[in-house]
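Notes follow once the structure below has been shown.
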Number of protein chains: 2
Amino acid sequence: MEVGTSKSPSNPAGTVDHGDPDPFQWDTREDCQVRQILDRVADKWSLLVIALLDGRCWRFTELRREIDGISQRMLTVTLRQLERDGLVKRTVHPVVPPRVDYELTPLGRTLHTTIRSLVMWTEDHQGEIAAAREAYDAAREAEMAEREAEAAARKPEAAAREAEAPTRESEAARRAR
Amino acid sequence: MEVGTSKSPSNPAGTVDHGDPDPFQWDTREDCQVRQILDRVADKWSLLVIALLDGRCWRFTELRREIDGISQRMLTVTLRQLERDGLVKRTVHPVVPPRVDYELTPLGRTLHTTIRSLVMWTEDHQGEIAAAREAYDAAREAEMAEREAEAAARKPEAAAREAEAPTRESEAARRAR
DNA sequence: CTGTATCCTTCTCGATACTG
DNA sequence: CAGTATCGAGAAGGATACAG
């Protein structure tokens with residue numbers, strides 16, 4: 001598998017040649033390891049499970065209760081994937097009411113740290129994001145209103161004329177469909 | 001889509017209070033800010049775009065080329081979301097071949113750092129994960145094989161006996177205890 | 001309690017075609 | 001070049017029922 005996407009050094013019109021000083025050039029191909037693992041790790045439920053799991057053991061039902069909105073199915077599936085990836089250890093106690101404990105592996109604990117920092121980022125900046133969203137939406141709405149005003153100022157004459165005396169052109173256009 | 005949900009600090013019905021010594025108790029409810037932002041930020045394409053974007057400006061097509069497998073639609077959608085969240089700045093140059101530049105905002109840059117550490121974690125541990133997966137799959141296969149062997153060893157006699165004298169089986173079972 | 005199996009809805013996403 | 005709009009296939013995921 002060569003890095004087939006030969007990024008031709010020739011730049012398309014107008015882009016500056018910055019010589020790509022980025023040393024952070026990871027494998028961007030769709031089927032590469034990093035992309036696959038990232039998909040798993042960045043999965044909604046995986047993220048929450050890893051973030052929740054700390055030092056101690058958790059029972060299945062306990063996790064289910066703690067993660068609001070997760071279905072039994074998705075918790076099972078997610079835990080299995082995490083177990084397969086070596087991030088979570090599953091321990092079955094062969095007792096009469098079945099009991100299963102889940103806990104982070106050492107590898108999982110290293111990921112836990114990273115993911116927690118992502119969660120903390122989210123907590124720290126949720127205000128800014130909410131504000132940005134409001135600003136964006138407000139701007140869009142203002143834009144829409146302006147456009148409508150423009151249209152309302154222009155169309156009425158045309159629409160009125162059209163209503164009274166449909167032009168031959170417009171009729172022809174309608175028939176064309 | 002107002003997020004108007006007033007989040008009362010009280011827990012929703014039924015959650016146990018197990019003393020929770022975890023100081024990292026964030027709002028786990030499905031509709032809370034953190035969960036929503038986490039979903040956005042942990043999104044496959046958002047992650048890749050943020051990870052790719054560094055100091056400089058990027059053109060639309062440039063991003064499209066760099067992110068293998070992304071469709072035009074998803075790139076547009078993703079960039080719009082990131083713009084709305086105040087993570088990416090979009091600059092339209094009103095020139096004859098339309099030109100649009102994308103770059104991280106200061107807020108986006110802080111997230112970039114966090115996400116890069118996630119990507120780096122993935123790069124650092126992809127070997128371990130691959131190994132864990134192999135081990136898991138091998139174990140599962142061995143388990144399957146064993147089960148099949150068991151079944152093959154048990155069923156023929158049982159089935160044969162059962163076919164000759166169906167009533168015997170229950171008696172034998174009872175005696176076995 | 002901790003799953004597994006099945007069905008069925010929902011929603012994501014890619015392909016395609018068209019616009020400024 | 002940089003979108004927007006539309007549509008359909010397919011996957012993700014929830015609900016439910018049942019098993020060990």
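Each chain gets a letter, A, B and so on, in the order its sequence line appears, and its residues count up from 1. For the numbers below, each heavy atom of this structure counts, side chains included, while hydrogens, waters and symmetry mates do not. In this text the structure is predicted, and so the values were computed from the model without any measurement.
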### Message
Can you say whether a donor on the side chain of A:Gln72 sits under 3.5 Å from an acceptor on the base of C:dG3, or the other way round?
### Response
yes
## Note on the structure
From CD1 of A:Ile67 across to P of D:dG13 the rounded distance in Å is 14 Å
### Separation of atom CG in A:Asp39 from atom P in C:dT12, rounded to whole Å
16 Å
### Query
Can you tell me how far C1' of D:dG13 sits from NZ of A:Lys44, to the nearest Å?
9 Å
### Task
Kindly say whether A:Gly86 contributes a backbone atom to a donor-acceptor pair with the side chain of A:Thr105 at under 3.5 angstrom?
yes
### Query
Between A:Pro98 and A:Glu30, which is nearer to the 5' end of DNA chain C once each is assigned its nearest nucleotide?
A:Pro98
### A:Gln81 CD to D:dA12 P, straight-line distance once rounded to whole Å
9 Å
#### Entry: B:Met74, nearest nucleotide to its side chain (from C:dC13, D:dC1, C:dG3)
C:dC13
### Message
Counting only side-chain nitrogens and oxygens, does B:Tyr102 get under 4.0 Å of the OP1 or OP2 atom of D:dC1?
### Response
no
### Query
B:Arg99 side chain N/O closer than 4.0 Å to the phosphate oxygens (OP1, OP2) of D:dG3?
no
### Query
Does the side chain of B:Arg73 get closer than 4.0 angstrom to OP1 or OP2 of C:dT12 through an N or O atom?
no
### Query
Any side-chain N or O of B:Thr61 less than 4.0 Å from the OP1 or OP2 oxygen of D:dA2?
yes
### Message
Whether the side chain of A:Arg64 engages the backbone of A:Ile70 through a donor-acceptor N/O pair (distance < 3.5 Å, no angle test) should be reported.
### Response
yes
### Query
Counting distance only, does the side-chain N/O of A:Ser46 pair as donor-acceptor with the main-chain N or O of A:Ala42 below 3.5 Å?
no
### Message
If you compare every side-chain N and O of B:Arg64 against the phosphate oxygens of D:dG3 (OP1, OP2), does one of them come in below 4.0 Å?
### Response
no
#### Entry: Listed nucleotide nearest any side-chain atom of A:Arg59, set D:dG13, C:dT4, C:dC1
C:dC1
### Task
Calculate the interatomic distance between A:Asp43 atom CG and D:dA11 atom P; express it in whole Å.
17 Å
### Query
So does A:Asp68 pair up with B:Arg29, basic N to acidic O under 4.0 Å?
no
